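Everything below concerns the one structure shown next.
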Number of protein chains: 2
Amino acid sequence: MDNGERKPTLKDVAALSGVSVISASRVMRGAPNISAKLREKVERAAQTVGYQRNRIAGSLRGQTTELIAVIVPSMSNHVFPQIVDGIDDALKGSQLRLVLGMSKYDEAGEAAILRDMLTWNPAGVILSGLEHSDETKTALAHFTGPIVEVMDSDGDAIDMSVGVSMDEAGKLIARHLVDQGYTRIAYVGAWGERPKRSLKRRLAFEAELARLGHPIITSVILDEASSLASGAAGIEMLFAKDLDLDAVFFANDDLALGALFYCQARSIAVPGDIALAGYNGLEMCQSITPRLTTISTPRFEMGRLAGQLIRARIDGADIATRQQMRLELELVAGETT
Amino acid sequence: MDNGERKPTLKDVAALSGVSVISASRVMRGAPNISAKLREKVERAAQTVGYQRNRIAGSLRGQTTELIAVIVPSMSNHVFPQIVDGIDDALKGSQLRLVLGMSKYDEAGEAAILRDMLTWNPAGVILSGLEHSDETKTALAHFTGPIVEVMDSDGDAIDMSVGVSMDEAGKLIARHLVDQGYTRIAYVGAWGERPKRSLKRRLAFEAELARLGHPIITSVILDEASSLASGAAGIEMLFAKDLDLDAVFFANDDLALGALFYCQARSIAVPGDIALAGYNGLEMCQSITPRLTTISTPRFEMGRLAGQLIRARIDGADIATRQQMRLELELVAGETT
DNA sequence: ATCTTTATTGGTAACGTTGTCATTTAAATT
DNA sequence: AATTTAAATGACAACGTTACCAATAAAGAT
């Protein structure tokens with residue numbers, strides 16, 4: 001595969017087509033004011049020598065890349081892949097590329113990855129959530145490109161943000177459960193409440209329950225990561241406490257589904273014996289019987305908007321539209337509550 | 001946040017610490033043979049001016065980046081995110097970064113993204129599957145770094161590969177169903193059998209069924225993407241044909257689960273009325289009741305190995321170990337067959 | 001036919017780093 | 001103490017592109 005020779009450069013293309021290097025450059029990157037004749041000559045020469053642009057060189061000269069740094073907690077999760085998919089969708093058709101890093105829900109990890117990514121001079125940065133370590137903020141202090149924080153809308157963005165309200169989510173579910181007549185309500189979280197937005201959601205949930213006169217009976221926060229298995233473990237733990245609960249809200253659908261399957265396997269009636277609700281609105285929730293009550297979050301859409309904001313600022317560069325977008329949540333009442 | 005000044009460079013660090021630029025460079029990238037004194041001076045100066053490496057410049061000079069181009073079909077899928085997670089895991093601790101692209105299951109799209117990515121001079125490339133358009137192969141013809149194709153092991157790799165055998169998967173399920181006494185067996189695929197490896201799996205499945213004396217009754221290939229909903233649509237379509245089937249193998253777990261939920265919602269007994277089997281071994285399969293029979297694929301592990309191969313070749317550069325790794329599949333017999 | 005304006009092309013330098021080779025300094029050997 | 005070897009530092013050039021400005025050619029205006 002390797003013919004041993006070095007890659008053809010603009011110089012080679014220029015030489016072959018008998019034009020200057022700078023003209024070849026202009027043709028290759030589609031700059032304006034190029035005659036058809038010249039364009040054709042250069043394109044043929046490029047074809048012949050097998051020229052490939054060198055974005056590294058271009059980026060050095062131009063002092064900016066077309067790379068977007070994206071840092072998410074993890075990909076083993078149903079949420080972030082869809083965010084990334086949305087970002088990619090928004091970037092389609094541009095020359096922008098995603099550089100991906102995973103923080104594993106660790107704030108120090110996020111800062112380290114971010115610092116590394118900034119050495120590539122990205123054109124923009126996308127982070128998840130609004131809570132970041134001081135290190136992260138310091139690293140971004142001298143970054144001049146657009147920054148979008150995605151997921152959460154309750155708080156101040158470093159630059160721009162696209163998210164949903166954790167506060168609203170907690171309240172929505174609390175009201176729904178009380179409306180349905182449940183009074184002895186519990187909560188199950190996981191992974192030590194990382195990221196922090198799950199904590200915000202829980203606090204809003206608990207506050208609203210209290211306000212409605214049915215304060216939370218107990219909240220269990222597991223150490224393990226969210227999974228179907230830990231959801232099952234969570235509800236088992238609650239049952240063991242013998243608290244006569246009638247409803248449980250879980251930090252996410254994975255946990256809630258795990259609990260639902262746990263109940264189904266043991267013939268515990270849902271919602272007869274216990275009502276269950278989750279958060280995220282995974283496709284799964286609407287396909288199973290009974291359908292899981294949950295809050296549907298616009299994951300793909302958040303990613304897409306984040307990508308669009310970044311792109312708009314890079315392209316148009318027109319205004320430093322420092323904005324925070326809050327998207328709507330939807331309570332999807334299933335048959336588990 | 002933007003203080004208006006340009007970013008500090010090695011020149012600034014060198015000036016402040018009173019050493020040469022090249023010495024500052026050596027300290028910053030941890031080159032050998034540096035006196036403690038010099039190192040300390042430089043590091044303090046770097047700290048003071050807030051120096052950040054510029055990998056773009058370094059990459060131009062060194063004619064190589066530390067970027068790994070990864071192209072997968074999509075992220076709205078349970079398979080590829082885990083592959084990516086595995087790759088990231090393997091790259092952890094190195095300076096290598098993932099640049100991600102999505103082909104949307106389109107071969108022309110793959111080639112276009114790949115060409116674009118190659119303009120960034122990546123150190124390595126990871127693709128999914130072994131089937132690629134000529135354009136893709138042409139684009140890679142002059143690429144000198146390591147290339148790993150992940151997912152599939154039935155066929156020739158461009159360079160290296162890590163995958164499982166589609167042929168074996170098809171046979172495993174065929175034998176299992178026949179062993180269990182099923183004789184009137186059907187298949188449901190989706191998304192027009194993209195990527196091609198699902199086709200390979202089906203053909204092996206059909207061939208093995210025929211060999212065992214119970215040729216496939218019918219194979220339905222849906223146009224829509226795989227999802228729980230399309231799985232339900234698939235089995236509904238089969239029932240409508242009134243073929244007196246006793247088992248169905250689905251192209252993946254999403255489809256199979258969709259079919260299972262469809263049956264559960266309609267009190268169709270599984271496996272009494274119809275047996276169902278999927279492919280991938282998602283966590284979900286083992287949590288529901290009845291547990292879904294499926295073939296478990298080592299997704300994270302495939303990604304991890306792909307990352308390790310790339311990393312080994314880049315680091316050690318030691319041998320052009322042109323290898324193809326085939327990982328084991330495991331039939332997970334659940335209660336749906 | 002001459003003068004402007006605009007479209008098209010070219011030349012030079014610079015982006016920030018590091019490979020290569022040269023030089024100086026320190027350590028080891030005779 | 002003189003010589004050899006190794007360690008530490010430095011100078012220079014080059015990686016391939018494009019921003020900036022200058023020059024030329026074409027088109028339009030008078």
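In what follows, chains carry the letters A, B, and so on, assigned in the order in which the sequence lines appear, proteins first and then strands, with residues in each chain numbered from 1. The structure presented is a predicted model; accordingly, all values stated were derived computationally and were not measured. Hydrogens, waters and symmetry mates are skipped; everything else that's a heavy atom, side chains included, is used.
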*Rounded distance in Å - CD1 (Ile56(B)) to C1' (dC15(C))*: 11 Å

*Take the protein atom CZ of Arg29(A) and the nucleotide atom P of dT9(C), then report the distance between them rounded to whole Å.*
14 Å

_Does anything in residues 16-25 of chain B form a side-chain hydrogen bond (donor to acceptor under 3.5 Å, both in side chains)? List the pairs, not counting sequence neighbours._
Ser20(B)-Ser23(B), Ser25(B)-Arg29(B)

_Could you work out, with salt bridge (Lys or Arg N to Asp or Glu O under 4.0 Å) as the rule, every residue matching Arg304(B), not counting sequence neighbours?_
Glu301(B)

*Just by distance, do the side chain of Arg44(A) and the backbone of Lys41(A) share a donor-acceptor pair under 3.5 Å?*
no

*Under a 4.0 Å heavy-atom cut-off, which of residues 18-26 of chain A touch DNA chain C?*
Val19(A), Ser20(A), Ile22(A), Ser23(A), Arg26(A)

*Enter the distance from Leu118(A):CG to Ile113(A):CD1 here, rounded to the nearest 0.5 Å.*
12.0 Å

*Output the distance between atom CD (Gln82(B)) and atom CG (Asn77(B)), rounded to the nearest 0.5 Å.*
9.5 Å

*Hey, can you pull the residues of residues 31-43 of chain B with a non-hydrogen atom under 4.0 angstrom from DNA chain C?*
none

*Hey, is the main chain of Ala157(B) close enough, under 3.5 Å, to the side chain of Ser161(B) for a donor-acceptor pair?*
no

*Just checking, any donor-acceptor pair under 3.5 angstrom between side chains of Asn54(A) and Lys7(A)?*
no

*Nearest-Å distance, CG (Asn54(B)) to P (dT18(C))?*
9 Å

_ring pair (Phe, Tyr, Trp, His ring centres under 6.0 Å) partners of residues 61-90 of chain A, not counting sequence neighbours, each pair once_ = His78(A)-His78(B)

*Give every residue pair that meets the side-chain hydrogen bond (donor to acceptor under 3.5 Å, both in side chains) criterion with at least one member in residues 56-67 of chain A, sequence neighbours excluded.*
Arg55(A)-Glu66(A)

*asked:* With the threshold set at under 4.0 Å for non-hydrogen atoms, list the residues of residues 57-67 of chain A touching DNA chain C in residue-number order.
replied: Leu60(A), Arg61(A), Gln63(A)

*Return the value, rounded to whole Å, for the distance between atom CZ of Arg53(B) and atom C1' of dC15(C).*
17 Å

*If a pair satisfies salt bridge (charged side-chain N to carboxylate O under 4.0 Å, His left out) and one of its residues is in residues 143-154 of chain A, list it, with sequence neighbours excluded.*
Asp152(A)-Lys200(A)

Expected list for residues 95-104 of chain B: side-chain donor-acceptor pairs under 3.5 angstrom, two or more places apart:
{"from": "Arg97(B)", "atom 1": "NE", "to": "Asp116(A)", "atom 2": "OD2", "distance (Å)": "2.8"}
{"from": "Ser103(B)", "atom 1": "OG", "to": "Tyr105(B)", "atom 2": "N", "distance (Å)": "3.4"}
{"from": "Lys104(B)", "atom 1": "NZ", "to": "Asp85(A)", "atom 2": "OD1", "distance (Å)": "3.0"}

*asked:* Show me the pairs that pass ring pair (Phe, Tyr, Trp, His ring centres under 6.0 Å) and involve residues 12-50 of chain B, at least two apart or across chains.
replied: none

*From Arg115(B) atom CZ to Thr119(B) atom OG1, the distance as rounded to the nearest 0.5 Å*: 11.0 Å

_Between His132(B) and Glu107(B): side-chain donor-acceptor atoms closer than 3.5 Å_ = no

*So, does Arg311(B) use its side chain to make a donor-acceptor pair with the main chain of Lys92(B) at under 3.5 Å?*
yes

*asked:* Without decimals, in angstroms, what is the distance between Lys11(A) NZ and dG11(C) C1'?
replied: 14 Å

*Hey, where on DNA chain D does chain A first and last touch, going 5' to 3'? Cut-off is any atom under 4.0 Å from a heavy atom.*
dG16(D) to dA19(D)

*Between the axis at one end of the helix from dA1(C)-dT30(D) to dT30(C)-dA1(D) and the axis at the other (five pairs apiece), what's the angle to 10 degrees?*
30°

